[in-house]
Number of protein chains: 2
Amino acid sequence: MKTSGKNIQASKNNLTGPAVAVDILLFSIIEKRLKVLLLKITQGPYKDQWALPGGLVWIDETLDGAAERVLQEKAGIKRLYLEQLYTFGGLKRDVRGRSVSVAYFALVDSDKFIPKTTEYYSDIRWHEAEDLPVMAFDHKEIVRYGLERLQNKIGYSNIAYGLLPREFTLSDLQGVYEIIIGEKLDKRNFRKKLKMTDIVATTERVRLGHKNRPAGLYRFKKRGLVFTK
Amino acid sequence: MKTSGKNIQASKNNLTGPAVAVDILLFSIIEKRLKVLLLKITQGPYKDQWALPGGLVWIDETLDGAAERVLQEKAGIKRLYLEQLYTFGGLKRDVRGRSVSVAYFALVDSDKFIPKTTEYYSDIRWHEAEDLPVMAFDHKEIVRYGLERLQNKIGYSNIAYGLLPREFTLSDLQGVYEIIIGEKLDKRNFRKKLKMTDIVATTERVRLGHKNRPAGLYRFKKRGLVFTK
DNA sequence: GCAAAAGTGTTAGTTGTACACCCATGT
DNA sequence: ACATGGGTGTACAACTAACACTTTTGC
């Protein structure tokens, strides 16, 4: 921000500043594990390492807009939970040149899409969030930071809606909580507390076709972030 | 992040991307009110409006480094509580050209410095955080966002240490909480809870020279962020 | 009828909240 | 001696945590 003579002076050292990128940390729950979507890089100094989907921010798009576009281009997906996470600006984060990356944090119900390899990547895959491969840039740090945010935020918001389909059972929901915070919860206490937060409502339907008693189906009252504390 | 052919393609639209700036939201408590440090702009389209201290990020400094430098240059202050707040990237945030601003959030004990007008600004002043003047850019939004962060964070951390001198009375500390959250607290409950969090320790000293019973002096066990929940 | 997950309350411990009086100093 | 803020405890309400059995379906 050139707010003064001093700033204009600063910009003289800075004819072209750092490049601005977004990187997307997309979480999903697959086979009862928390997963992160990663791409395998095909060329350059990070060849054969895994990276978050990302890209440079255009001059005529907002940061949120860039995040949505990248998600659409690289994962073919839109209209999901997306929030800004943190901005990473270490000098060594990309050996090819100075860049600043605005990391975003996204959640998707895995039923909604299956990642597909495109011509641009040798591979695109869900990886265990708690057991990451060798990763390019500072992307491991971004994942750790985002995981922490997710673990905190599930405790005081309805953010889990991003990981579930429209209708789900209370056991499904409890499973999401257990997977994210990494510990088992008591069924009765979970339901009691959930009732207090008032974030879900029953549909009058049940889920049949399992080899046990049918489970009532619920939905989130708001599919949008709501704080519960 | 140029992680692929697709990204390189994106950069073609983007020979020079958005400029990267930092803006610093510096809070202090002065005369029992929460204040924000603002500068008055002397020239350009935002002449005579108030702005947060800010500046462009150099190619060879980190974001945190830029924040520290700006704080040093514009307010003559260093070694205080500083954390990244959020990154603002709206298209219209600066009418002079596209920029992305990484906002930082800082706290200072007002005893530590008195703002001085320099040749670069027509004025530099503490303003009421809850009653802001006309402000340039999207800086009002940044203040609102930071205020919210402060109000939340004081509830689950020792962040108040940034606003107090090394030694303080428990009434001083309670005053900081009351000013930030905007409501009176019960003295006995405040102290009971504080004891539980274990963030302060008594010095064996007292504060004399007031027209009442001497107050015990305390200090924060860690002058660095600690979470209490 | 058996296996599997669904559904449902009570008790004890912990934490939060409301509330009032005496104390040590400065003037 | 009086004005000022410093310092302390108790009782009730609210919340959290631990715990077990019956129900309904698929096979």
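Between A:Tyr177 and A:Phe190, a ring centre-to-centre spacing shorter than 6.0 Å is recorded.
OP1 or OP2 of C:dG7 sits under 4.0 Å from a side-chain N or O of A:Arg191. The side chain of A:Ser171 contributes an N or O atom lying less than 4.0 Å from OP1 or OP2 of C:dA6.
In terms of modelled atom types and a separation under 3.5 Å, the side chain of B:Arg207 and the main chain of B:Thr169 share no donor-acceptor contact. A:Asp23 contributes no side-chain N or O that, together with a main-chain N or O of A:Gly55, makes up a donor-acceptor pair within less than 3.5 Å. A:Glu128 places no side-chain N or O within donor-acceptor distance of the main-chain N or O of A:Arg33, the cut-off being under 3.5 Å.
Put simply, CG on A:Leu185 is 13 Å from C1' on D:dT16, counting in whole angstrom units. Remark: P of C:dA6 and OH of A:Tyr218 are 11 Å apart, rounded to the nearest angstrom. In this structure, A:Phe190 atom CZ and D:dA17 atom C1' are separated by 15 Å, rounded to whole Å. Nucleotide D:dC19 holds its C1' atom 11 Å from the NZ atom of A:Lys192, rounded to whole Å. Taking atom CG of B:Leu208 as the reference point, atom P of D:dG5 lies 16 Å away to the nearest angstrom. Between the NE2 atom of B:His210 and the P atom of C:dC23 there is a distance of 23 Å, given to the nearest Å. Rounded to whole Å, the distance from CD on B:Gln174 to P on D:dT8 is 14 Å. The distance from atom CG of A:Asn189 to atom P of C:dT10 is 14 Å, rounded to the nearest whole Å.
For A:Arg188 and C:dA6, a side-chain-to-base donor-acceptor distance below 3.5 Å is absent, hydrogens and geometry of angles not being considered. Between the base of C:dA6 and the side chain of A:Lys187 there is a donor-acceptor pair shorter than 3.5 Å.
The residue among A:Pro214 and A:Met196 whose nearest nucleotide of DNA chain D lies closer to the 5′ end is A:Met196. Of the two residues near DNA chain C, B:Asp186 and A:Asp186, the one whose nearest nucleotide lies more 5' is A:Asp186.
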Give the C-alpha distance, both sets of side-chain angles, the deciding distance and a yes or no for salt bridge (charged side-chain N to carboxylate O under 4.0 Å, His left out) between A:Glu83 and A:Arg149. CA-CA 11 Å; A:Glu83 73 170 40; A:Arg149 169 89 56 104; 2.6 Å; yes
